[in-house]
Every structure is written in structure tokens, then in C-alpha cells.
Novice: 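Below you will find the structure I want to go over with you.
These numbers come from a predicted model, not from an experiment. Order of the sequence lines fixes the chain letters, A, B, ..., with proteins taken first and strands second; residue numbering starts at 1 for each chain.
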Number of protein chains: 2
Amino acid sequence: MKKAPQILDELGFRKTEIRIKVLEHLQKVEKAVSQPELEKKFNNLADRVTLYRILSAFEEKGIIHKIMDVHGVARYAMCNEKHCTEHEHHDEHVHFNCTECGDVVCLDTVKVPIIKLPKDFSLSRLNLNIEGTCDNCQK
Amino acid sequence: MKKAPQILDELGFRKTEIRIKVLEHLQKVEKAVSQPELEKKFNNLADRVTLYRILSAFEEKGIIHKIMDVHGVARYAMCNEKHCTEHEHHDEHVHFNCTECGDVVCLDTVKVPIIKLPKDFSLSRLNLNIEGTCDNCQK
DNA sequence: AAATAAATTGCAACATTGTTGCTATTATAA
DNA sequence: TTATAATAGCAACAATGTTGCAATTTATTT
Ligand SMILES: [Mn+2]
Ligand SMILES: [Mn+2]
Ligand SMILES: [Zn+2]
Ligand SMILES: [Zn+2]
């Protein structure tokens, strides 16, 4: 996996402490994280607004994608699909929301089946949120 | 379709003007509506908080179900599935969010296929939001 | 019809998530 | 080292949602 500072460099971002840390965190946890979570984690390292702007900036460059979780909170995760760009994100996998630990993970291996819509409906994007118990929380 | 006042009666709710109007509206539009939308529609007929409480009350009795739309806003729609109760909602159909008109509809006829999750993940609920253009907005 | 009890409503206050404008700071290039 | 463009911080605001409590209203009972 490419190192965070190099990624920032290639995208024309500056290598500030908080940007490096946020990106490294996203790479490490392999989960979809929210701004409030980042705020807790990097307590006085950056302002709330800065975190929101970092996440938006990363998303616009296509290195992370944004999803709404079951609580209506925005979460961001690394794009593993190779073909994500600034304007086209490919995110056709299941987003699993654990009711026990609250974690949200992209199940890259579980693709959303093709859905046939009624006549005159056209599809541009989709998000399948599944709630349940994750492997870690399984008794 | 059962009339709104009768439904309220049977559920032990009082037949207040706003409750009747909200329920009739939900029956008529056949869409998933949000509190902000109801607030605009029934401008000075009820307080914001009252609308939130009406929606929660209806949901708890199993006559409407709650979904998060693509913007993270809670929406409520009539339960057509016959087997919805206070604690078990059956909502395994597609929720279509039109990017043109902003409407959200339950596509009762488009069921979400069975998804096979990885080992040790268990499913309790799911919500498939699809974004695109609805039949009304199709050019 | 009047009294009562319980459900419903309104209001104020608050919490959380998210956005915008502007200024100050800082990383990088020249 | 200096210049400049990007980044960050702060304040203010918006939107959605929740809670507590007092006032009102519906429906029941007398
Ligand atoms: Mn994803
Ligand atoms: Mn539905
Ligand atoms: Zn879990
Ligand atoms: Zn439409």
C-alpha cells in the first residue's frame, strides 16, 4: 500500500500533520469513519471544520468515498476499487453497520446485485446499508 | 383503504386535526415523507415537535415505517406489507430517491435480493437506497 | 352537561452534524 | 529568504432531531 505522504504529494496536497494522520488512519482501520469519530481520535490536533474539509478534499480526488450510514451520518472509507475518480465513485458493495460496536465497514467482496427497476426509472447511484452483528461482535 | 380517523381510533390515538391530516397525507401521496416536508405542508397547523412525535407514534404502532434517505434525513411511509407490527417492520424493498424532484418512494414491487454475508456476520435489517431519475422526471 | 383523566400539543432549550466567510498560519516553490 | 497558495482556525449559522414541562384538548365517566 502506498504511503500516506506520497499519496498527498501526488494529489497536490500539502503534507500537514493532520492530513497525514487522517489518511494513515483511514488506511489502517479499513472502516468507514465519520468526522465525529476523527474528532474524538485527533482531539486537539485539528478543528472540526478542518476535518470536514479534509474529508471533502480527499473525496473530491477520488481516494475516499462517502456514504450515509444507518443513522444518517456521513462516513468515509478508502476506495479500493481502482477506478474511482473525482467525479465517478464505484461503491457497489454492501455497507455493514454493526449494531453492537457501531462500526461501519465496506464489504468489498459482497457486491450489490443488479436491480431491475420499473419502466422509466433510471439509476445513477446506490447504497445498501445492512444492519446486524459484525464478526467481531458475534457471540 | 381504511379511513384515517378509523385507523387512529383502532390504535387508541385521538382524532385530532393534525393527526388525521398527516395520516391522510401519507395515505394519499404514497411517498416517504420527512418532517421538514410536513412542516412546509401543514405550516401553522402544528409545531415541529408535534410532527416528530406524531411520526414516532405512528411508527411504533407499525402503520408507517422509517427510512433514512440519501441525505441522511428520516422519512416515513405507509406500511403496505401486512405483517408490520410495533417491533417488526418489514421493509425489504428498494427506496428510490429522485435526484430531480427530491421525492423518495418505496418501490414495493422491487424486493432486495437475499444477500449472502461473510461468515460471522448476521443481518437484522437493511435499506437499499437507489438514486436516479423517477418516472415523473424522465425526459 | 360538567367533571375527570389521560393524551396531545406548544414552547423553550438543547444536542449533533454540517456549512460558510473570513483571517491567520504554514508548507512549499521560487 | 521571500513570496504565494494552500491549509487551518474561529465564529457564526443552518438543519434535523430530542427532551422537559406546562397548557390545552379529547374522550370518558359521573
Ligand atoms: Mn464503500
Ligand atoms: Mn419502504
Ligand atoms: Zn461489531
Ligand atoms: Zn423525480
Novice: Give the rounded distance in Å between these two atoms: CD of A/Q35 and C1' of C/dA15.
Specialist: 14 Å
Novice: Consider side chain to side chain contact (heavy atoms under 4.5 Å, CB included). Of A/I115, A/V110, A/V112, which one does A/L128 pass it with?
Specialist: A/V112
Novice: Under a 4.0 Å heavy-atom cut-off, which of residues 2-30 of chain A touch DNA chain D?
Specialist: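 Heavy-atom cutoff 4.0 Å gives A/F13, A/R14, A/T16, A/I18, A/R19.
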Novice: Is it true that A/R75 and A/E37 make a salt bridge, defined as a side-chain N closer than 4.0 Å to a carboxylate O?
Specialist: yes
Novice: Taking atom C1' of D/dA8 as reference, at what distance in whole Å does atom CZ of A/F58 sit?
Specialist: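 In whole Å, D/dA8 C1' lies 14 Å from A/F58 CZ.
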Novice: B/V49 near the nucleic acid: base, sugar-phosphate alone, or nothing, with a heavy-atom cut-off under 4.0 Å?
Specialist: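 Base, at least one base heavy atom under 4.0 Å.
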Novice: Tell me the interatomic distance from B/D47, atom CG, to D/dT24, atom C1', rounded to whole angstroms.
Specialist: 14 Å
Novice: Within this structure, what is the CG-to-C1' distance between B/L51 and D/dA15, rounded to whole angstrom?
Specialist: 15 Å
Novice: Which nucleotide in the set C/dT17, C/dT20, D/dT19 lies at the smallest distance from any side-chain heavy atom of A/Y52?
Specialist: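 The answer is C/dT17, which lies nearest to the side chain.
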Novice: Mind checking B/A46 for me? I need base, sugar-phosphate or nothing, with any heavy atom below 4.0 Å counting as a touch.
Specialist: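 Touches sugar-phosphate only.
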Novice: May I have the distance from B/L38 (atom CG) to C/dT9 (atom P), rounded to whole angstrom?
Specialist: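 Roughly 13 Å, once rounded to whole Å.
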Novice: Looking just at side-chain N and O atoms, do A/N127 and B/N129 make a donor-acceptor pair shorter than 3.5 Å?
Specialist: no
Novice: For side chain to side chain donor-acceptor pair (under 3.5 Å), just list the numbers for A/H95 and A/D69, CA-CA rounded to whole Å, side-chain angles, deciding distance to a tenth of an Å, and then say yes or no.
Specialist: CA-CA 8 Å; A/H95 293 119; A/D69 72 14; over 6 Å; no
Novice: Find the distance B/H71:NE2 to C/dT16:C1' and express it as a whole number of Å.
Specialist: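 One finds 19 Å between C1' of C/dT16 and NE2 of B/H71, rounded.
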Novice: Between A/R53 and B/G72, which is nearer to the 5' end of DNA chain D once each is assigned its nearest nucleotide?
Specialist: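 Per heavy-atom nearest nucleotide, the more 5' residue is A/R53.
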Novice: Just checking, is any N or O donor in the side chain of A/D108 or A/N80 under 3.5 Å from an acceptor N or O on the other one?
Specialist: yes
Novice: Applying salt bridge (Lys or Arg N to Asp or Glu O under 4.0 Å) to A/E92 and A/R125, what does each step give before you reach the verdict?
Specialist: CA-CA 8 Å; A/E92 274 90 52; A/R125 271 190 310 161; over 6 Å; no
Novice: Does the separation of the ring centres of B/Y76 and B/F58 fall below 6.0 angstrom?
Specialist: no
Novice: Suppose we call a contact any N or O donor and acceptor under 3.5 Å apart; does that hold for the side chain of B/R48 and the base of D/dG17?
Specialist: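 Indeed, a donor on one side and an acceptor on the other fall under 3.5 Å apart.
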Novice: Quickly work out the A/I67 CD1 to C/dT17 P distance and round it to whole Å.
Specialist: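 Taking CD1 of A/I67 and P of C/dT17, I get 16 Å after rounding.
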Novice: Rounded to whole Å, please give me the gap between CG in B/L55 and P in D/dG17.
Specialist: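 Between P of D/dG17 and CG of B/L55: 10 Å.
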